[in-house]
Amino acid sequence: MARRKIVAGNWKMNKTPSEAVALVEELKPLVASEDVDVVFCVPAIDIIPVAEAVKGTNIAVGAENMYFEEKGAYTGEISPAMLVDAGVKYVVLGHSERREYFAETNETVNKKVLKALEHGITPIMCCGESLEQREQGVTMDFIRQQVKVGLQNVTADQAKTMVIAYEPIWAIGTGKTATTEQAQEVCAGIRACIAEVYDDATAEAIRIQYGGSVNAATAPELFAQADIDGGLVGGAALKPDFGKIVNYK
Ligand code: PEP
């Protein structure tokens, strides 16, 4: 069965609650699509107003992070139950910015993935190499490790529902998109890794996005690749361009 494409915007630390609602109103008609799953991953404080603003549309709301404990003395953190209650369906986990600035590791990503799945939230689990790793020729070794540890104790049935985002760090926010060949090669490698860890059926079901300076011009060719099931989009998710990326065909 063909995998349904999924295009998710990662708003990062942009937009106050009122600005977020204004952006949703602007993008709503532009991202209407029957063929593609559309997700707005927004800052925690924007989740409730955005969930209200997208009611009755094809847009799902995602969070940009989540803690792996149920509740308690974790000042500043947000629990999976809080996200579910607020209407969140997806959560970005292990984004390279969280790994770099907030000490996220493969192990903490794994704990968060398991917790999100337990609560019925779909993880968008990010992986990707640095420029140095690419130049050293260790891209796939590094990503396989991220994927394998991130998926520890995740069942095949759970893995089938997940989204993995391949985001080469050197392409995030730099305007430098990986070439179509580079992106397809790594996404195929991730799928092969899933087949190894689980089985072919799981590898065929899991959705793998490409992320890294995706824009309206690059999306059509990227999303046409056999192993690329859509995109995780940063900068362009805050602009009308996002509508063109969703309706890339
Ligand atoms: C991202 O933050 O996930 C991302 C891909 O950003 P950008 O599209 O701006 O490179």
Side-chain angles (χ1 to χ4, degrees), residues 5-15 19-20 23 27 30-31 36-44 46-47 50 59-66 88-102 104 109 112-113 116 122-131 133-134 139 142-143 146-147 150 162-180 182-184 186-187 190 207-223 225 227-248:
K5 301 277 189 215
I6 176 165
V7 176
N10 172 18
W11 288 16
K12 311 196 186 197
M13 197 174 73
N14 293 296
K15 305 296 171 187
E19 289 169 349
L23 181 60
L27 294 182
L30 307 178
V31 302
V36 174
D37 288 340
V38 178
V39 189
F40 287 3
C41 299
V42 304
D46 296 340
I47 288 172
V50 166
I59 303 164
V61 181
E64 298 177 13
N65 183 33
M66 182 202 88
V88 164
K89 304 286 183 217
Y90 295 84
V91 60
V92 177
L93 295 175
H95 190 281
S96 61
E97 288 152 15
R98 293 215 55 89
R99 293 177 190 262
E100 184 180 350
Y101 306 131
F102 303 100
E104 198 91 88
V109 171
K112 291 180 178 190
V113 164
T122 302
I124 300 176
M125 187 179 86
C126 302
C127 60
E129 81 288 5
S130 65
L131 188 56
Q133 287 164 332
R134 177 158 284 270
T139 295
F142 182 72
I143 289 173
Q146 287 185 317
V147 170
M162 283 182 56
V163 179
I164 293 182
Y166 165 53
E167 300 206 304
I169 298 169
W170 48 272
I172 297 178
T174 58
K176 224 186 211 181
T177 319
T179 65
T180 306
Q182 286 170 327
Q184 162 59 21
V186 176
C187 290
I190 293 170
R207 293 189 289 180
I208 304 175
Q209 297 172 314
Y210 167 76
S213 300
V214 173
N215 59 40
T218 55
E221 201 177 293
L222 284 164
F223 298 176
Q225 301 308 302
D227 290 291
I228 302 180
D229 305 315
L232 182 58
V233 182
L238 302 169
K239 302 181 202 156
D241 238 26
F242 193 62
K244 293 191 186 137
I245 297 173
V246 167
N247 293 295
Y248 65 96

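All figures in this text were calculated on a predicted structure; none of them were measured in a lab. Order of appearance sets the numbers: ligands from 1, and atoms from 1 within every ligand.
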Out of curiosity, is G212 lining ligand 1, as in a heavy atom under 4.0 Å away? yes
State if A171 counts as touching ligand 1 under the rule of any non-hydrogen atom under 4.0 Å. yes
What pair of heavy atoms forms the shortest contact from V38 to F242, and how long is it? CG1-CE2, 4.2 Å
Quick check: closest heavy atoms across T218 and N215, and the distance to 0.1 Å? N-OD1, 2.8 Å
What do you reckon, does [X] have a nitrogen or oxygen under 3.5 Å from a nitrogen or oxygen of ligand 1?
X: G234; result: yes
X: I172; result: no
X: S213; result: yes
X: T174; result: no
X: L232; result: no

Taking the six-membered ring for Trp, are W11 and F40 parallel (under 30°), tilted (30 to 60°) or perpendicular (over 60°)? tilted
Would you say that [X] contacts [Y] through its side chain, given a criterion of any heavy-atom pair below 4.5 Å between the two side chains?
X: M162; Y: V113; result: yes
X: E221; Y: Y248; result: no
X: V186; Y: Y210; result: no
X: H95; Y: I172; result: yes
X: V31; Y: V246; result: yes

Nearest-neighbour protein heavy atom for atom 5 (C) of ligand 1, which is reported as residue plus atom name and distance: E167 OE2, 3.0 Å
Nearest protein heavy atom with distance in Å, relative to atom 1 (C) of ligand 1: H95 NE2, 3.2 Å
Hey, which atoms in ligand 1 end up nearer than 4.0 Å to a heavy atom of [X]?
X: G173; answer: 7 (P), 9 (O), 10 (O)
X: G235; answer: 7 (P), 8 (O), 9 (O)
X: N10; answer: 1 (C), 2 (O), 3 (O)

